[in-house]
Amino acid sequence: MISGRHIIFIVLISAAITALILSLIAWKRRTTARLPSIYFAICMVGVFIYNFGYAMEISKSTLPEIMFWVRFQHWGIWVLAPTWLLFSLCLTGNEKLITPFRIAVLSIISIILLLTAQTLGGHNLYHLNPCLNTTGVFPTFNYDRGLVAWLGIVYISLCLLISAFLFSNMLFRAAPAFRKQAAIFLVGSLVPWIGMLLYSFGLTPYNLDMSPLGLSMSGVIASLGFLKFRLLDIVPLARDVVFESMSDGVLVLDTHNRIIDFNLGLQAMLPNLRKAYVGTSVFETLASYPVLLRLIKENSSEAVELQTNLTEETNYYLGNLVALHDRRKKKVGKVVTLHEYTQVKQLLGQLEELAVRDSLTGVYNRRHFNRSIDDEFYRLQRYGGTLSLIVLDIDHFKRINDTYGHMVGDAALRLLAEICSEILRKSDTLVRFGGDEFIILLPQTNSTAAVNLAQRLRTAIEQQRVEYDNHSFLVTASFGVASVDSPGNISRDELIRRADNAVYEAKETGRNRVCVSNSLASAAFTQE
Ligand code: GH3
Ligand code: MG
């Protein structure tokens, strides 16, 4: 006939086997969440020992046999308490609180309690006055709790309550997706603690210790969160997904600058990078990216600009380097990130271009002219040669505006800019200086060539009709030419002033003509 004793035995053995299975599963899964899996696996071995030892204790009837299995149980009890706490710390994101010193303190307390419990049957330091209670349906173990036993209960309670506190904290603070799991672990921490309290205060039937059963239940409950909900898989999975799907390129190196890992983003940026390069020195593998290598070599915290020309278009990246440290602040490697900013670079280029252009005619503006003439003066001083300037001013432009309107005047300005642009060489710079005045900067051009060019421009302008809004008319312009020879003994303002004076002279002497300035006198060249 199956007695209550048999049932309790079977339940305890089942709980022991369950704990063992959970331990094995957690151990197998330690690749995804290493530390919590290991702590959980060890904790479940402790629960297995506790349950199995207790089942054996229940099945025995003599005091020496029972004392043997009580001593056996303590090998489990003092392993499971600290490992459950370590497991909770990992799971609640408090891994950094686990230091070697704290592990040592927990281990020493556990070892002392374990050794004290092993004195049962000898000095009985933990279990005072051990005896058999034969008043129930089957003999049970009875003892008085001395200071050490109460300290043991405080220690286990602390481990379980700190875990419960951590999980309740997580319950309120974690993202909603994690709350269900936090609630499960919270219950998992409280069930064995309640069981232990009931037993410690003699409130259980048959004076049965409910803690091992409670712990197995906790194991199952925790496994729900641990295995079924795959809580521990989420973080590494999420990190993998982010790592692989982010558009920024990431390269992980060890302290010897060997490639440890890189993401798809980086592979798209540097297509000659292959998975086979993992483990090789970055200096051999990525030799074609000297800027990147310099960043890695110099350990610079400043961003660098990297350029690749893999397609027809140039791609630009901003490279950053961050040192990797472990928990003890020891350097273990570095992470290089590449952020593409080709589009930004292109937009910046467009903005820069817009900033130096005249909005009406599209030719360069005064800002660009100032920069260019300074550069040309520098070149002139360094390499010699002749620099010439042509200033041109439309004749009677006010009259055009007054007769046809401002819009037509604008069209005339645009047409003049077009005519000049077509005739000029690439090395010449056409600038709208303001109003109806243009300046042309002619590097390495002597006065005679500049005058000839001005004549060509003058002729082209006077021959081209402005046609706009049913209006059709001819315009002319007056030209002033000034040149400066190596070694550039006049200032840039003086050169402009001389060209201006020459235009003034052209206006004075009848307009639609080219006048040239020299340091001593100006000679006029007209169309005749
Ligand atoms: P001159 O032959 O002596 O040069 O006579 P002018 O009438 O051309 O005199 P000036 O060069 O001093 O006149 C420039 C005029 O150009 C004055 C101004 O109203 C006009 N102007 C300046 N900027 C613009 C513009 O952007 N669009 C138009 N339509 N007119 C402009
Ligand atoms: Mg004018």
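Start at 1 and go down the list; that is how both ligands and their atoms are numbered. Only this structure's heavy atoms are used, side chains among them; waters, hydrogens and symmetry mates stay out.
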Which of the protein's N, O or S atoms come within less than 2.8 Å of the Mg ion (ligand 2), not counting waters?
D393 OD1, I394 O, D436 OD2
Distance-only donor-acceptor check, side chains E462 and N512, under 3.5 Å:
yes
Check this for me - ligand 1, G409, N or O atoms closer than 3.5 angstrom, yes or no?
no
Going by atom types alone, do S37 and W27 pair a side-chain donor with an acceptor below 3.5 Å?
no
Which residue and heavy atom of the protein sit nearest atom 9 (O) of ligand 1, plus the separation:
K398 NZ, 3.9 Å
If you scan protein heavy atoms around atom 5 (O) of ligand 1, the nearest is H396 N, 3.6 Å
Is the closest N or O pair between R399 and ligand 1 shorter than 3.5 Å?
no
Donor-acceptor check, side chain of R357 to backbone of G362, threshold 3.5 angstrom: yes or no?
yes
No-hydrogen, no-angle side-chain donor-acceptor test under 3.5 Å, S483 and S388:
yes
Any donor-acceptor pair under 3.5 Å linking the side-chain atoms of D248 with those of T337?
no
Verify, without hydrogens or angle tests, whether R513 (side chain) and R511 (backbone) share a donor-acceptor contact under 3.5 angstrom.
yes
What residue and atom, counting heavy atoms only, is the protein's closest point to atom 6 (P) of ligand 1, and at what distance?
F397 N, 3.4 Å
Check whether any heavy atom of R432 sits under 4.0 Å from an atom of ligand 1.
yes
Candidate with minimal heavy-atom separation from atom 11 (O) of ligand 1, of L413, D410, D436
D436
If every non-hydrogen atom of F479 is compared with every non-hydrogen atom of A506, which pair is closest and at what distance?
O-CB, 3.7 Å
So, the side chain of R432 versus the backbone of G435: is there a donor-acceptor pair under 3.5 Å, distance only?
yes
Closest protein heavy atom to atom 3 (O) of ligand 1, given as residue, atom name and distance to 0.1 Å
R511 NH2, 3.1 Å
Using distance alone, with no hydrogens and no angle criterion, decide if R465 and S472 have a side-chain donor and acceptor under 3.5 Å apart.
yes
Heteroatom proximity flag, L360 to ligand 1, N/O under 3.5 Å:
no
Among all protein heavy atoms in this structure, tell me which lies nearest to atom 18 (C) of ligand 1, with the distance rounded to 0.1 Å.
N401 ND2, 4.2 Å
If we count only N and O atoms by modelled type, under 3.5 Å, do the side chains of E284 and Y277 hold a donor and an acceptor together?
no
Taking atom 22 (C) of ligand 1 as the reference point, the nearest protein heavy atom with its distance:
G435 CA, 3.3 Å
Could you tell me if D358 and T361 have a donor-acceptor pair between their side chains, going purely by distance under 3.5 Å?
yes
